[in-house]
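Report on the structure given below.
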Amino acid sequence: MTLRKKILRSIPKNLSFYITASLLTALTVMMWVGAFSVSMTIADTYADVFENAVIEDGNFTASSAISGTDINNLEADFGVILEEQMFRNTELSGSTLRVFADTGKLDKNIIIKGSGLRTDSDILLSYDFAEVHDIGIGGTVELFGQTFTVSGLCNKPDYSAMYAELTDNFPDSRNFGIAILTKNAVGNIGGFSSFYSVKYLDESRENDFRAFIYRQYGTLQYTSRESNPRISMMTESGKDLEAEFSVYSPMIMLVAVIVIAMVLSRTVKRESRTIGTLMALGYRKGELTRYYMTYALIPAIAGDTLGLALAFPFSKLFCIYFFSFAEHIDYTVKMPFAILVPALLIPLAAYSLTAFAVLMRTLGSDVVPLLKGTKKSRISHLLTGSNMKLALLYNIRAIASNTARSLTLLVGIAVAAMAVIMAGVYQNAYDDVLDNKVPKAMMGGKYEYGFKDFRSENPYGDYAIFDVSFGVEGRDSLFNLIGCDDDCEITEMETLSGAEPDYSGYYMTTAAAQIFGIRAGDSFTFYNLVSMEKTTVTISDIVKNDILSLVITNKANAARILGRSENEFNNIISYTPLDIPDELLIKSASLDDYRTSTENAFRTAQVVLNIVKVIGMMICLLVSGMLAGMLIEENRRSISMLEVLGWRGGEIRRLVLTSNHLIVPVGFLLGVPLGIGLAKGIAAANAESNGMMMTTELTPTAFLVSLLIVTASYVLSLLLAGRKLRKVDMVECLKENRE
């Protein structure tokens, strides 16, 4: 007999182990490679698009117009590309259409179908909007009392994701689209608003440029590329998927490592006499170590191969899913070769090291003890003389007699429960946002109107406030400074301390406090996005609001920070709709709109959560099924003896396969805090990007649903293992191992 032939013969005998370890490895590789593939595909696709289109680094509105001559001077003085963009909203087929003048230097249109603008009567439409409304090349549209012919369908790169307003939570290509006209056509129509797009060729001059623009032209609002979801949404989504799956993958591989360590240790102990004989015949420990390490390498290689085969379709499906939320764009799914090699080598290295550590400990014995075989365990006499029921006594002894197997099941169930619990906790967090946090998305109001410029007269009614975004040095997250009247009833101000708010102080919402790590009494330094001036204030108290990242004070304080009059305002919050001319507004939103966009955004995330639940179920099913099979294999002689004594199949099944019933609840309970902790970690990371603090708590309903999912997976594994129990041959088993 050669060791090579023994390896081949071992595969059918340990098939459940090889299948389990290989599938766990395949899941690890598929998720890790797939997530990086999606992220890389998104990043590379938009990097090429943005480079060819010369995408802006930021855009701003100003109180004073910047002339063409001034634009040329600014470009020369500060090393920038600066271009005015003109737009006007209108309606087409019951949907909002934002009409832009064609640009020549920045945010250049990408023609997907048809041709560009040739005459003043031509028009370009965003591809998805045209497809939804069944408008083709050569078709006509009526806008501003004129007829335009559709010459082409395009993608406007600074609207790669169709957010009508920057405050929206979800892009909408069905009810919002882009149209492009020539500058001459726009000039003839009139009534267009404008803003300025800028690209920094010399990034070190950005702060100087922004400060100069504020002093010279009165910057009203500045939006950086990073904080503009129309540009950054897709790339950030890819990074989020990459980060989340990079957490899940090592946890799955950890289960595989524990399974391999347990099975290999069990195999070597069972074959101790064979190993002793081989060593007596001249085989060296190094040769035997390499042979038994093959047990670990087979699932590593098989899992790598299967995971690599699944990674591409997995990536392709996820790319289809993610790109469906962006404007139409051609892309090619890419494989991250820099990650691919480590993803394939890490399981090989981890399993090899695990096997080597186990073998060094197990093969350290001399030949004589190995030839005598493994000693009988004294645990079999555990609870001798106890009046305990037979089934419970048998289960306790079965668990204690093989602690490695029991610990493996414990870890497997804990990791499976962690995944299911995390998904359940996050689902509850989404429901909590919709039910309890969204109603506070407008500080107690139901409608919000943002003006293009600061205004001093309010003929429209309700509550006029300051609402301006600010940044914190070294942080990507922004917050809004709110300045309101002392008697403003619309703001909900419930402080953590329980004290009545004094608007002469500065109050930070819980969402902002979580993001910036601020407590009541702390100093807080921030800078104005338009003037770049820094301000330091002391936070008086923390206000309960997890959905808005705000600092709230009175109008006098806000006006002093903004350099404005306290009689001015740029935002109105109301309980009822107001009749305000559209040309004055930069945004108009309702609480219902906010809720709808939030629901759409969560619908996207729920797909990932469902995948995580399925992964948890698979881990439970694979590990429980494999270990149930091992339990049957270990008790073959006992099963046969019970058959001789007249026990029926159902009675034997209930006795043998119930041993793990004692471990599963413990594993599930261990997975509960792990799942909650993982959910809290992901929520904290997401708060940095979206400014929303989610409440990650395990509700009784989520607990019961998660328990049901894990229990169902475990019961299914036992049903599958029951087939192996029926195949136990009583006569053959009783003949085995006779001295």
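Hydrogens, waters and symmetry mates play no part in the numbers below; they use all other heavy atoms, side chains included.
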pair [X]-[Y]: side-chain heavy atoms closer than 4.5 Å:
X	Y	value
Leu310	Val29	no
Ser37	Thr41	yes
Glu236	Pro229	no
Met40	Ile339	no
Asp330	Phe323	no
Thr20	Leu24	yes
Phe668	Ile421	yes
Ser246	Phe36	yes

Let me confirm one number: the [atom1]-[atom2] distance from [X] to [Y], rounded to the nearest 0.5 Å.
X	Y	atom1	atom2	answer
Ile615	Met251	CD1	CE	12.0 Å
Asp431	Thr695	CG	OG1	12.0 Å
Gln514	Ser477	CD	OG	11.0 Å
Leu27	Phe245	CG	CZ	10.5 Å
Leu340	Leu345	CG	CG	9.0 Å
Leu708	Leu704	CG	CG	8.5 Å

> Given Tyr714 and Val623, is the side chain to side chain contact (heavy atoms under 4.5 Å, CB included) satisfied, shown in steps?
Replying inline: CA-CA 9 Å; Tyr714 173 66; Val623 175; over 6 Å; no
Which of these passes side chain to side chain contact (heavy atoms under 4.5 Å, CB included) with [X]: [options]?
X	options	value
Tyr248	Ile611, Leu678, Val415	Leu678
Met694	Val433, Val425, Ile682, Asn428	Val433
Val411	Val257, Ile619, Ile258, Val259	Ile258

>> For a side chain to side chain contact (heavy atoms under 4.5 Å, CB included) check, start with the C-alpha distance between Ile301 and Leu348, then their side-chain angles and the critical distance, and finish with the verdict.
In response: CA-CA 7 Å; Ile301 295 171; Leu348 285 168; 3.8 Å; yes
What closest approach, in Å, do [X] and [Y] show between heavy atoms, and which atom pair accounts for it?
X	Y	result
Val710	Ala417	CG2-CA, 4.1 Å
Leu297	Ser352	CD2-OG, 3.1 Å
Ser22	Pro299	OG-CA, 3.3 Å
Tyr351	Ala256	OH-CB, 3.2 Å
Ala419	Val612	O-CG1, 3.5 Å

>> If you apply the rule side chain to side chain contact (heavy atoms under 4.5 Å, CB included), what do you find for Lys334 with Asp44, and how did you get there?
In response: CA-CA 9 Å; Lys334 298 185 178 182; Asp44 287 358; 3.4 Å; yes
> With a cut-off of 6.0 Å (strictly less than), are more than 12 heavy atoms of other residues, nucleotides or ligands near CZ of Phe50?
Replying inline: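 More than 12 heavy atoms, drawn from other residues, nucleotides or ligands, come within 6.0 Å of this atom.
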Look only at the side chain of [X] and the backbone of [Y], and say whether a donor-acceptor pair between them is shorter than 3.5 Å.
X	Y	result
Lys680	Thr696	yes
Ser232	Glu226	yes
Ser39	Ala35	no

> Given the rule in the side chain to side chain contact (heavy atoms under 4.5 Å, CB included) test, do Val33 and Phe312 qualify, once you have shown the distances and angles that lead to the verdict?
Replying inline: CA-CA 9 Å; Val33 173; Phe312 185 77; over 6 Å; no
